[in-house]
Amino acid sequence: MNLQLELPLDGHPGMMDSVNLAALTENAARLGMRIQETLHEHTRDLSIARGGASLFDMPDDKNIGRQLEFGSDRERLEAMKRLIALTSRGRNMSNYFPQVVKNVASQDLEIRKLVYIYLLRYAEHEPDLALLSINTFQKDLTDPSPLIRAMALRVLSGIKVPMIGHIVVLAIKKCAADLSPHVRKAAALAIPKAYRLDSSQQPTLITIIQSLLQDHSALSIGSAVVAFESVCPTRLDLLHQQYRRLCRMLVDVDEWGQVNLLNLLLRYARTMLPKPTTAPNVGSEAEEFDKDLQLLQSSAEPLFQSRNPAVVLAVVRVFYYTGSPSSFCKVVNPLLRIQLNSKETERVVLPYISAVAREYPHLFSPHYAHFLICTNDPRQVKRDKIKILLKLCTTENHQALLREFIDYADDPDDLVAGDAIHAVGQCAQRVPTCARQCISALLAMIKSRNDTITSNAIVVLKLLVQNQLHESPLERGSRSQDPLKIITQLAHRIDDIKHPRARACVIWLTGQYCPSEGGGTVIDGIADWAPDVLRKAAKSFTVEDSIVKMQILTLAAKLFVLCPTDHTLELLCRYVFSLGKYDLNYEVRDRTRMLTSLLSGVLPSIDGPQPESSIGEGVVLRREQVKKVLFEGKAGTANNTALSGHDHLIGTLSLVIGKDMHSDSFLPEWLEAGIDPALRDNKDTSTPPAPRSISSLSVSRPAGTTGITPVVLTPTNSTPTQNARETWRDLDSFYASDSEQSESESISDEHGHEGGKENEDSDSDEDDGDEDGEESGSKSEEEVERWNLSQEADSLIHEHRQEVYNTGARTV
C-alpha cells in the first residue's frame with residue numbers, strides 16, 4: 001500500500017520498481033531452492049555418517065553407474081560406498097567394473113581406497129579390464145605419499161592375473177628399497193602373493209627377502225619374516241649374520257611380528273645352535289648354554305609382559321623348548337596372568353598349562369586354586385581344568401582336590417561328570433592313602449539315578465579293583481575294604497545297572513573273579529553270586545547291546561570250564577551259545593564260534609551234535625589249557641586313559657583342539673654340536689655409535705667457545721689425506737695440533753651469519769672456518785693448507801651424518 005502511495009504520476013518509475021520486485025522474487029526463489037538442496041545433501045551425508053546400515057536401506061542401484069561416470073566427487077564417493085556395502089551382502093557387483101576402473105586415478109583419497117577394495121574383489125573375474133589400471137598403479141608407486149605407494153603395491157600384488165607376475169616382482173623390488181618403512185612393509189607382505197602368482201620368481205624373491213631381513217627398521221621386520229616363512233622356510237642359512245640383530249630387535253617389532261619372529265628364531269636355534277647340556281659339579285649341576293641361545297632367551301624374556309596373549313604364548317614356547325628346567329619357573333606367572341584376560345584366551349591358555357604341568361607339575365601346584373571350575377565355564381574349559389587339577393594332585397592338596405572332583409560329578413554335562421568321576425579314581429592311584437575315601441565315594445555314586453554317573457563309577461571301580469587284586473597279599477591285607485566284596489555288591493545290583501558299558505564291566509568282573517578257593521555252596525569251585533548273574537543276563541540276552549552280549553558269552557564259557565559236570569549250568573550255557581550263534585551282529589557270532597570251538601575238548605556236544613567226519617579234526621585243548629586261556633593274563637594293572645593328555649607340541653593347533661592336524665608346524669631336533677659361531681659374526685649388525693653433537697655445516701663456532709661437546713669423527717671408509725700431519729678424532733684436537741705447528745700471526749675471519757663481524761687473535765688455539773663466509777686479505781701457505789683440511793673435515797662430517805641417517809642410529 002505504501003508503494004502505491006509513493007508512485008509518481010507519470011508511471012515510469014513504478015514500472016522500474018515492478019521489475020526490481022520481480023527480480024527480487026525470482027532470486028529469493030532460487031535461493032530457497034539452493035538452501036533446500038544444500039540441506040538435503042547435508043542430511044544425506046549425516047545419515048551416511050551416523051551408520052553404515054543406511055547404505056543397505058537404499059532402494060536400488062540403478063544410479064550407481066551414472067554417478068560413477070558423470071557425478072561429482074561426493075556422488076562418486078556415495079556410489080562407491082553403496083557398491084562396497086552391496087558386495088559385503090553377497091551381491092555380485094562385477095558389472096560395474098568398467099565404471100569403477102575409470103575412477104582409479106581419482107584425486108580423492110577416500111574414493112581411491114574404495115576403488116582399490118573393489119578391484120581386489122573383482123579383478124580376478126575381469127582380468128582384461130584390470131590390466132587397464134596397471135599403469136595407474138605403477139604411476140602411484142612414485143607418488144610422494146608413502147600411503148599411496150603402499151596401497152598401490154598392495155592392490156597390484158592382489159590382482160590375481162598370472163601375466164603380470166613379472167611386473168609385480170619388479171614393483172616389489174622397487175618398494176623394498178623405499179625410504180619409508182611403511183612401504184617396505186607393504187613390499188614384504190606382497191612377496192607371498194607374488195610367489196603364489198608365479199613360483200618361478202622364487203630366486204628373485206629370495207634376494208629381496210634377504211635385503212629386507214637386513215632392514216634396521218622394526219616396522220618391516222615382522223612382515224619380512226612372514227615372507228621368509230612363505231617363500232623359503234628352509235633357507236635358515238640366510239639368518240646367520242642377522243640372528244643376533246634380530247634377537248636384539250625383538251622388543252621393537254610389532255606384536256604379531258614378534259610371534260612370527262620368535263617362532264623363526266626358535267627353529268633356527270634348534271637347527272643351528274648346540275643343545276644345552278648339564279655338567280655335574282660338586283654339590284650341584286652346572287648348565288652349559290651357548291651364548292647365542294642365552295641372547296635369544298634374554299631378548300625374549302621382556303615380552304612376558306606383553307599385552308598380547310599370543311606373544312606371551314610364543315615366549316613360553318621358546319623357553320619350553322630351549323630353556324633349562326631352572327628357567328621354566330619364569331613361565332608360570334605370565335600364563336596365570338593371561339588366563340584371566342577373557343574366556344576365549346583361557347580356552348587357549350589351559351592346554352599350554354596342561355602341557356607344562358604334565359612334565360613339571362610342581363610349578364603350578366601352589367596355584368591350583370586358579371583352575372577350580374566355575375559354573376559358567378564352557379564344557380571344554382571345565383574338562384581342561386579337571387585334567388590340570390589331576391596333574392597337580394599331591395599329598396598336600398589331595399583332600400581339597402578330591403572334594404572338588406566329587407562335587408564336579410554332579411555337573412549337568414555328562415562329559416564333565418564322567419571326567420570328574422575318572423579323576424576320583426586317578427586320585428586313588430596317585431595317593432594310595434585316599435583310596436578308601438575314593439572307593440566309598442564311587443560306591444555312593446553307583447546308587448545314583450543318573451545312568452552316566454552310575455556307568456562311569458562302575459568303570460572306575462573296575463579299574464581300581466583290578467589294580468588292587470593285582471597287588472601282593474600283604475598289601476591287599478592292609479586294605480580296609482576287600483575288592484571281592486566290591487565285586488559282590490556290583491553283582492547283586494546287575495538289574496539296576498542299565499548302561500551297556502557298565503553292565504559289560506560288571507559281567508566281566510563276575511566272570512574273571514568268580515573262582516572260589518573255598519568252594520561254593522551252590523556249585524563247586526564257583527562263587528554263589530556268579531551263576532545268578534549269568535541267569536539274569538541270559539534272560540535279557542536278545543535285547544542287550546553287542547558289547548554286553550559278548551561278555552555274557554565269555555561269562556558262560558568261564559563258568560562252564562570251572563564246573564563242566566553241573567547239568568543246569570550246561571543247559572544254561574547251551575542256551576546262551578545258541579542265541580549267540582544266530583545273532584544279527586557278526587562280532588557276536590564270531591565270538592560264539594570261537595568259544596564253542598575252544599570248549600569242544602571239554603564237551604564236544606556244546607554246540608549241538610557234530611557229524612562223525614568232523615570229529616577229531618583240528619586242535620583240541622584240555623580243560624586245564626582252556627582255563628588258562630580264559631583266565632590268565634587278564635588281571636594286569638589297567639591304566640585309565642580317559643584323562644591322559646596327548647603328546648602334541650606346544651604352539652600347535654593340535655594341542656588346543658586335542659586332535660592331530662596336518663597343518664601343524666614341526667619342531668626340528670637339537671644338534672649335538674651346532675655350526676661355527678663365526679658364521680653369525682657380522683660387523684654391520686652393531687649399530688655405529690651416535691655422535692654426541694653434530695653442528696650445522698653452515699655455522700662455524702667462535703674461537704674459545706667452551707662447554708660444547710666436540711664432534712666425534714668416525715669415518716667408516718675414509719682415511720686421512722697425506723696432508724694431515726697426525727691422526728686426529730675430533731675437530732678440537734685437529735685445530736689444536738695445527739695451531740701448535742703454525743707460527744703466531746694475526747688471522748681474521750669474516751662470518752656470513754654474524755653480519756660481517758671480524759675477530760682478530762694472534763695466539764688463537766683453534767680456528768673454525770665458515771663454509772659460506774668470504775675470505776678477507778691474502779692467505780699464507782699455512783692458511784691454505786689449514787683451509788683444505790677444514791674442507792675435508794666438513795666433508796667427513798657430511799658423510800658421517802648421511803651414514804647415521806641411513807642406518808637409523810639415534811642422534812642427539
Side-chain angles (χ1 to χ4, degrees), residues 41 44-45 47-143 145-165 167-168 171-172 175 182-183 185-187 189-194 196-198:
E41 291 180 359
R44 181 179 57 190
D45 294 342
S47 64
I48 294 177
R50 283 181 177 177
S54 60
L55 295 172
F56 301 101
D57 299 334
M58 293 183 178
D60 53 13
D61 54 348
K62 295 181 180 180
N63 298 327
I64 292 180
R66 183 180 59 81
Q67 290 177 345
L68 290 174
E69 289 191 2
F70 309 107
S72 60
D73 288 346
R74 184 191 300 273
E75 293 177 344
R76 293 181 181 181
L77 180 60
E78 180 185 352
M80 287 303 306
K81 288 183 178 180
R82 291 177 62 189
L83 271 180
I84 301 302
L86 293 173
T87 302
S88 66
R89 297 183 63 179
R91 294 184 57 178
N92 185 12
M93 309 302 293
S94 59
N95 54 326
Y96 293 100
F97 198 91
Q99 292 87 348
V100 174
V101 171
K102 295 179 181 179
N103 294 276
V104 72
S106 176
Q107 299 299 325
D108 192 332
L109 185 59
E110 296 297 327
I111 295 178
R112 193 181 298 185
K113 288 181 181 179
L114 296 176
V115 170
Y116 286 169
I117 295 174
Y118 182 88
L119 291 179
L120 286 174
R121 176 64 177 82
Y122 292 108
E124 191 175 0
H125 300 279
E126 299 288 345
D128 296 334
L129 293 177
L131 295 178
L132 299 176
S133 58
I134 299 299
N135 293 333
T136 303
F137 297 141
Q138 291 180 318
K139 181 180 178 181
D140 288 343
L141 292 177
T142 60
D143 193 272
S145 173
L147 181 61
I148 297 297
R149 298 198 299 269
M151 289 177 56
L153 180 61
R154 178 191 173 193
V155 180
L156 185 62
S157 61
I159 298 177
K160 301 177 182 179
V161 181
M163 64 181 63
I164 66 170
I167 299 177
V168 173
I172 293 174
C175 292
H182 182 70
V183 180
K185 178 180 180 180
L189 293 176
I191 290 177
K193 302 178 185 178
R196 289 191 293 266
L197 193 64
D198 186 4

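FYI, the numbering just counts along the sequence from 1.
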Distance-only donor-acceptor pairs under 3.5 Å for side chains of residues 155-164, two or more places apart:
{"from": "S157", "atom 1": "OG", "to": "L153", "atom 2": "O", "distance (Å)": "2.9"}
{"from": "S157", "atom 1": "OG", "to": "R154", "atom 2": "O", "distance (Å)": "3.0"}

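- The side-chain heavy atoms of R76 and N103, taken from C-beta on, include a pair separated by under 4.5 Å.
- The two residues I172 and A187 come nearest to each other via the heavy atoms CG2-O, 3.7 Å.
- When side chains are defined from C-beta on, V183 does not count as touching L141, because their heavy atoms never get closer than 4.5 Å.
- Of the inter-residue distances, the one linking H182 atom NE2 with C175 atom SG reads 10.5 Å to the nearest 0.5 angstrom.
- Between Q67 and A79, the shortest heavy-atom contact is OE1-CB, 3.5 Å.
- Between the side chain of E75 and the backbone N or O of S72 there is at least one donor-acceptor pair closer than 3.5 Å.
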Give the C-alpha distance, both sets of side-chain angles, the deciding distance and a yes or no for side-chain contact (heavy atoms from CB on, under 4.5 Å) between D198 and V168. CA-CA 10 Å; D198 186 4; V168 173; over 6 Å; no
What pairs of donor and acceptor atoms, side-chain ones from residues 114-122 against any protein atom, are under 3.5 angstrom apart with sequence neighbours left out?
{"from": "Y116", "atom 1": "OH", "to": "D140", "atom 2": "OD2", "distance (Å)": "2.8"}
{"from": "Y118", "atom 1": "OH", "to": "M93", "atom 2": "O", "distance (Å)": "2.4"}
{"from": "Y118", "atom 1": "OH", "to": "F97", "atom 2": "N", "distance (Å)": "3.3"}
{"from": "Y122", "atom 1": "OH", "to": "R91", "atom 2": "O", "distance (Å)": "3.3"}
{"from": "Y122", "atom 1": "OH", "to": "M93", "atom 2": "N", "distance (Å)": "3.2"}

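- Residue L197 comes nearest to G165 through the heavy atom pair CD2-CA, 3.9 Å, listed as atom of the first residue, atom of the second, then distance.
- Residue pairs satisfying the salt bridge (charged side-chain N to carboxylate O under 4.0 Å, His left out) criterion with at least one member in residues 94-111, sequence neighbours excluded, are listed as follows: E69-K102.
- Once rounded to the nearest 0.5 Å, the distance linking OH of Y96 with CD1 of I64 reads 5.0 Å.
- Within the 3.5 Å criterion, the main-chain N or O of K139 finds no donor-acceptor partner in the side chain of D143.
- Between S106 and R112, the shortest heavy-atom distance links the atoms O-NH2, 2.7 Å.
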